[in-house]
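We name chains A, B, ... by the order of the sequence lines, and we start the count at 1 in each one.
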Amino acid sequence: MSGSAEIPATTANPPPATTTAAAAAAVVKRSWGDEADDDADDWNAVAVPTDDNKVTADLNVDSLAISEPEPPLYDPEDSSIQAVTAGDTPYTSASKFEDLSLSDELLKGLYVSMRFERPSKIQAITLPMILTPPHKNLIAQAHNGSGKTTCFVLGMLSRVDPKLQAPQALCICPTRELALQNLEVLKKMAKYTAITAESAVQESLNDPAHIPISKRPPITTQIVIGTPGTVKKWISYKKLSLVYMKILVFDEADHMLAQDGFRDDSLRIMNEIKKNASNCQVLLFSATFNDTVKNFVTRTIPDYNQLFVKKEELSLEAVKQYMVQCPDELAKVHVIKDKILDLGEKVGQTIIFVRTRESASMLHKALMDFGFEVTTIQGARTTEERDKIVKEFKDGLTHVLISTDLLARGFDQSQVNLVVNYELPVKHYSWNEPDCEVYLHRVGRAGRFGRRGAVFNLLCGDRERMLMEKIEQHFGIKVDEVASWNSDEDFEAALKEAKLL
DNA sequence: AAAAAAG
């Protein structure tokens, strides 16, 4: 590994005088704007700075991404990660955590508590970008299970002033579960520091110890990780001071800024911070950024660095995907009961994704009636139930979890080797269009950190077959078919091929 | 024609 390779910023090619704003705009559009039809390029495509006179270096880089196999951008031994920066600041990739001038307490947390040895590739590149003044904004597309949580958690921990008892870092997540999970990672990493952190998520209403925010003293915790509604509420009650905010993180940022996601909430929070704090750094992390969101993000977040990972390292590649043609809905249940769960027991834990809460209850009942112990999580359940179900699953007490897309993003449980799509994800406006981003996120629940994994897509009827086809086309992949839904041997062979057996 | 957050 050529560890300390310099990430070329704008020095690679001096901009010719002929570069026009129009050309720059075209590049911006090209790099960020393309989508479905050339996703492969998309992952190779790199950053484009917002600053016109810095564009040409990237114009060159970008053209590499457009043409065929491009030469590596900065590291001959590892071309899978590419980054482009927006300013004059040179960033040196961190081959060791020591390169990041972290506090001793934080280093100890990384080595002892987290048991990390050295930064992952993504961490090596993003951390200098996050930590080096002038603390530019960052848009980072990092694949599932690659350690992006560490990037922004370490970023937040490094940037807060431990001596200042006031909120200085805020992280917004799409679900309660993800916020709590991220907080846990942060607390583990912060174990030897005095930095304080808490979650801003809906709390159990039955808990007698629960105190409504209106009756709580102002937050003095240094890091807050939460969901949009609760964070907004804390802000509107003036309990969460934004004056000292130094860093704002959006996990699953594409969803947080999507029109049909949390865009309104996210923008409001961002604007409130802008009004109160000067120079708050914004970090956006996700495994997916579709072109609509990309365009919006580039218009919304000024002056950003960007990072991309090649498509080859997507968990779509690490996880073996199958489709199973089922004659009817009952056959789907039989497949889960007789084939997948039996084998699944041997290979780890399983998450079964469904499209609606109703499907979740229906499948839950069907499997329970067959005598299978499964648990189900979906947003309509109480916070206590949700906490309990997640804890049992994370503790390994339960092996099969039915979930809506509540857990599609970010949920990290390394023992999950099997993902079942009882129903494929579809766009909310049409059930004839697959939601490829959600599909990728679901797949990413298996095969965490390069582990083996398999996905079974259960298909019934022409519509679902067509959805599967469209997903294959979108990602440019071929999803193998399990020959017969009714054959034990076929499923066993499939898991062997996935190297799970 | 959904789910999520949250009121």
Side-chain angles (χ1 to χ4, degrees), chain A residues 170-183 199-207 210 212-214 224-237 239-240 249-270 272 286-288 290 293 351-364 376-387 389-390 401-411 421-442 444-445 461 463-464 466-467 470:
Chain A
L170 179 60
C171 173
I172 319 280
C173 315
T175 64
R176 192 171 176 280
E177 282 66 24
L178 196 48
L180 295 174
Q181 177 180 284
N182 287 337
L183 179 64
S199 59
V201 298
Q202 193 172 58
E203 286 178 59
S204 161
L205 299 169
N206 304 326
D207 185 354
H210 170 71
I213 188 66
S214 57
V224 173
I225 303 182
T227 44
T230 305
V231 169
K232 261 174 32 182
K233 190 169 168 183
W234 287 18
I235 293 173
S236 67
Y237 276 96
K239 299 291 187 177
L240 179 62
V249 179
F250 287 101
D251 194 8
E252 308 297 342
D254 60 328
H255 191 237
M256 299 312 292
L257 289 165
Q259 186 88 74
D260 69 336
F262 292 101
R263 178 178 293 182
D264 292 347
D265 290 343
S266 298
L267 289 183
R268 179 167 301 184
I269 293 167
M270 232 186 295
E272 285 297 320
S286 184
T288 54
N290 74 33
V293 176
I351 299 181
I352 305 173
F353 283 108
V354 294
R355 193 178 66 91
T356 64
R357 296 170 175 181
E358 288 67 35
S359 300
S361 326
M362 190 272 297
L363 183 60
H364 182 96
T376 299
I377 189 167
Q378 39 106 331
R381 306 198 64 174
T382 66
T383 53
E384 294 96 322
E385 286 174 325
R386 287 165 63 163
D387 289 348
I389 288 160
V390 166
L401 180 56
I402 299 171
S403 176
T404 57
D405 285 323
L406 172 66
L407 292 188
R409 287 171 174 266
F411 184 71
N421 285 320
Y422 182 79
E423 295 154 317
L424 290 173
V426 294
K427 298 283 193 193
H428 65 103
Y429 52 82
S430 160
W431 27 11
N432 294 321
E433 289 303 319
D435 191 324
C436 293
E437 280 78 38
V438 172
Y439 180 82
L440 185 137
H441 284 282
R442 285 184 181 183
R445 293 321 99 214
R463 185 185 66 88
E464 296 190 333
M466 187 195 65
L467 289 172
K470 285 183 177 172

### Task
Would you mind reading off the distance between A:Leu407 atom CG and B:dA2 atom P, rounded to a whole angstrom?
20 Å

### Task
Indicate whether any N or O donor in one side chain lies under 3.5 Å from an N or O acceptor in the other, for A:His255 and A:Ser286.
no

### Message
At less than 3.5 Å, do the side-chain atoms of A:Asp435 and the base atoms of B:dA2 form a donor-acceptor pair?
### Response
no

### Query
Taking OP1 and OP2 of B:dA4, is either one under 4.0 Å from a side-chain nitrogen or oxygen of A:Arg386?
no

### Task
Please determine if a side-chain N or O atom of A:Arg176 lies less than 4.0 Å away from the OP1 or OP2 oxygen of B:dA6.
no

### Query
Which nucleotide sits closest to the side chain of A:Thr404: B:dA2, B:dG7, B:dA3?
B:dA3

#### Entry: Nucleotide nearest A:Glu358 (side chain, heavy atoms from C-beta), chosen from B:dA5, B:dG7, B:dA3
B:dA3

## Note on the structure
Quick note, A:Thr175 side chain, CB onward, closest among B:dA6, B:dA3, B:dA5 is B:dA5

### Message
If I take atom CG in residue A:Leu406 and atom P in nucleotide B:dA4, what distance separates them, rounded to the nearest angstrom?
### Response
5 Å

### Task
Verify whether one side chain among A:Thr383 and A:Gln202 offers a donor that lies under 3.5 Å from an acceptor in the other.
no

### Query
Are any of A:Thr227's side-chain N or O atoms less than 4.0 Å away from OP1 or OP2 of B:dA6?
yes

### Summary
Rounding to 0.5 Å, atoms CD1 (A:Ile172) and CG (A:Asn182) come to a distance of 11.5 Å

### Message
Less than 4.5 Å apart, side chain to side chain, heavy atoms only: is that true for A:Val354 and A:Met362?
### Response
no

#### Entry: Closest listed nucleotide, where the reference is the side chain of A:Asp265 and the choices are B:dA3, B:dA5, B:dA6
B:dA5

### A:Asp264 CG to B:dG7 P, straight-line distance once rounded to whole Å
16 Å

### Message
I need the CD-P distance between A:Gln259 and B:dA5, as an integer number of Å.
### Response
20 Å

### Query
Is the shortest side-chain N/O distance from A:Lys232 to OP1 or OP2 of B:dA5 below 4.0 Å?
no

### Task
Measure the distance from CD1 on A:Ile213 to P on B:dA6 and round it to the nearest whole Å.
13 Å

### Message
In this structure, how many angstroms lie between the C1' atom of B:dA5 and the CG atom of A:Leu180, rounded?
### Response
13 Å

### Query
Whole-Å distance between B:dA4 P and A:Glu437 CD?
18 Å

### Task
Starting at atom CG of A:Asp405, determine the distance to atom P of B:dA3, rounded to an integer number of angstrom.
9 Å

### Summary
Closest of B:dA6, B:dA3, B:dA5 to the A:Thr230 side chain is B:dA6

### Pairing of A:Arg409 and A:Asp254 as salt bridge, 4.0 angstrom limit
yes

